[in-house]
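Before any comments, here is the structure.
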Protein chains: 2
Amino acid sequence: MQRSDAAEESFPIRRLQISDKNKGFIELLNQLSLSDSISDQEFQSRFQDLTSHGDDHMICVIEDDQSHKIIATGSIFIEKKFLRNCGKAGHIEDVVVDSNIRGKSLGKKIIRYLSEHARSVGCYKVILDCSIENKGFYEKCGFKEKSIQMATYFD
Amino acid sequence: MQRSDAAEESFPIRRLQISDKNKGFIELLNQLSLSDSISDQEFQSRFQDLTSHGDDHMICVIEDDQSHKIIATGSIFIEKKFLRNCGKAGHIEDVVVDSNIRGKSLGKKIIRYLSEHARSVGCYKVILDCSIENKGFYEKCGFKEKSIQMATYFD
């Protein structure tokens, strides 16, 4: 999809709303990792659980004002520690930009929005895990490689 | 410090208690990252905030039954996602074993305890970030290298 620079300006970023389920939010996440369908009730329940954490959990989205589809998203949760004088760390997760709409700096917009959120609530750092292929992108967003991620999968 | 195998058996693992501040818990964390002193009020406030999350946040400790000092700790928080059918991911953080008491498999005990917690609350995975030097240790705990960690520090 080709769009003019003027059109690019009109991609506002905002918090996830419960109505975004009907705007392709789950289908967008499926570009990251395939899920079965999520019922409206499951979605509502998880949405309410997450929003109950206030600023300690936030999912942001970008809605295409032409198609009214959600075309980019990312989440952050704020971890409260005893370490670093009862410090807080922001963890960015589940960042995805619609594969049909690349090259519009939407990913960078998402990361900046989430990082600014972390800073505004007093985090001393914001971290994320990514593949080596995405390292360059995150470096452009001001991140530096810090360590390695290890994982155990139960299923 | 040399201890017999019999003594090693007597290192029970349990959740952090508010009284652990007076048992060297903060001093142990200082081996990971230096903090200023934390007041009793700050500690209580953070403790109550974290325990309000129930099983979604847990700090475990091992207390030396001879010195009554906290000699090992680790934390886990449960991230709730929309991804993976409203899946949950366990994030392990701030693992430290007293540098005076190494070689007793206390680190492995901490990781197993935290991982089992993640499994018991229905996580599909448990993840952590570590230095390349600690990769071998986490592999022995059943973890595999998955990706890289990127970070931005605000201070």
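Computed from a predicted structure; not experimentally measured. Proteins come first, then strands; the chains are lettered A, B, ... in the order of their sequence lines, and each starts at number 1.
Residues B:Val95 and B:Ile62 share a hydrophobic cluster, clusters being chains of Ile/Leu/Val/Met/Phe/Trp/Tyr side chains in contact below 4.5 Å. Linking ILVMFWY side-chain heavy atoms closer than 4.5 Å, directly or via other members, places B:Ile78 and B:Met58 in a single hydrophobic cluster. Clustering ILVMFWY residues whenever any of their side-chain heavy atoms sit less than 4.5 angstrom apart, transitively, puts A:Val97 in the very cluster that holds A:Phe143. In the hydrophobic cluster analysis, where Ile, Leu, Val, Met, Phe, Trp and Tyr join through side-chain heavy atoms closer than 4.5 angstrom, B:Ile13 is grouped together with B:Leu114. Under a hydrophobic clustering in which Ile, Leu, Val, Met, Phe, Trp and Tyr are joined whenever their side-chain heavy atoms come within less than 4.5 Å, directly or via other members, B:Phe137 and B:Tyr113 fall into the same cluster.
Annotation for B:Ser147 and A:Cys130: closest pair CB-O, 3.0 Å, computed over non-hydrogen atoms. Of all heavy-atom pairs between B:Met150 and A:Tyr138, the closest is CE-CB, 4.0 Å. Summarising the geometry of B:Ala151 relative to A:Ile127, their closest heavy-atom pair is CB-CG2, 3.7 Å, with the distance given to 0.1 Å. Taking every heavy atom of both residues into account, B:Phe154 and A:Cys123 meet most closely at CD1-O, 3.1 Å.
Ring geometry for A:His91 against B:Phe77 counts as perpendicular: the plane angle is over 60°, on a 0 to 90° scale with 30° as the lower cut. Ring geometry for B:His53 versus A:His53: interplanar angle of 30 to 60°, hence tilted.
Between A:Asp49 and B:Lys80, at least one side-chain nitrogen of the basic residue sits less than 4.0 Å from a carboxylate oxygen of the acidic one, meeting the salt-bridge criterion.
Each of A:Tyr124, A:Phe47, A:Phe43 has some count of heavy-atom pairs under 4.5 Å with chain B, and the biggest count is that of A:Tyr124. Most heavy-atom pairs under 4.5 Å with chain B, from the set A:Asn30, A:Val126, A:Leu32, A:Ile38: that is A:Val126. Of the listed residues (A:Ile132, A:Leu83, A:Asn134, A:Leu34), the one with the most heavy-atom contacts under 4.5 Å to chain B is A:Leu83. Between chain B and the options A:Ile92, A:Leu29, A:Leu128, heavy-atom pairs under 4.5 Å are most frequent for A:Leu128. Taking chain A as the reference chain and counting heavy-atom pairs below 4.5 Å, the highest number among B:Glu145, B:His57, B:Glu139 is found for B:Glu145.
Interface residue B:Leu50: only side-chain heavy atoms are found under 4.5 Å from chain A. Looking at B:Ile111, there are no atoms closer than 4.5 Å to chain A (heavy atoms on both sides), in backbone or side chain. For a residue to count as touching a neighbouring chain, one of its non-hydrogen atoms must lie under 4.5 Å from one of that chain's; by this rule B:Ala118 touches chain A with backbone and side chain alike. Looking at B:Phe82, both its backbone and its side chain come within 4.5 Å of chain A, counting heavy atoms on both sides. Of the two parts of B:Ile59, only the side chain, counted from C-beta on, holds a non-hydrogen atom closer than 4.5 Å to a non-hydrogen atom of chain A. Contact of B:Phe25 with chain A is made through the side chain alone, with heavy-atom distances under 4.5 Å.
With rounding to the nearest 0.5 Å, the separation of SG in A:Cys86 from CD1 in B:Ile26 is 6.5 Å.
Without hydrogens or angle criteria, B:Arg46 side chain to A:Lys81 main chain gives a donor-acceptor distance under 3.5 Å.
Within 6.0 Å of CZ on B:Arg112 lie no more than 12 heavy atoms contributed by other residues, nucleotides or ligands. A:Lys146 NZ: 12 or fewer foreign heavy atoms inside a 6.0 Å radius.
Proximity of B:Ile148 to A:Lys135: side-chain heavy atoms (C-beta onward) are separated by under 4.5 Å at one or more points.
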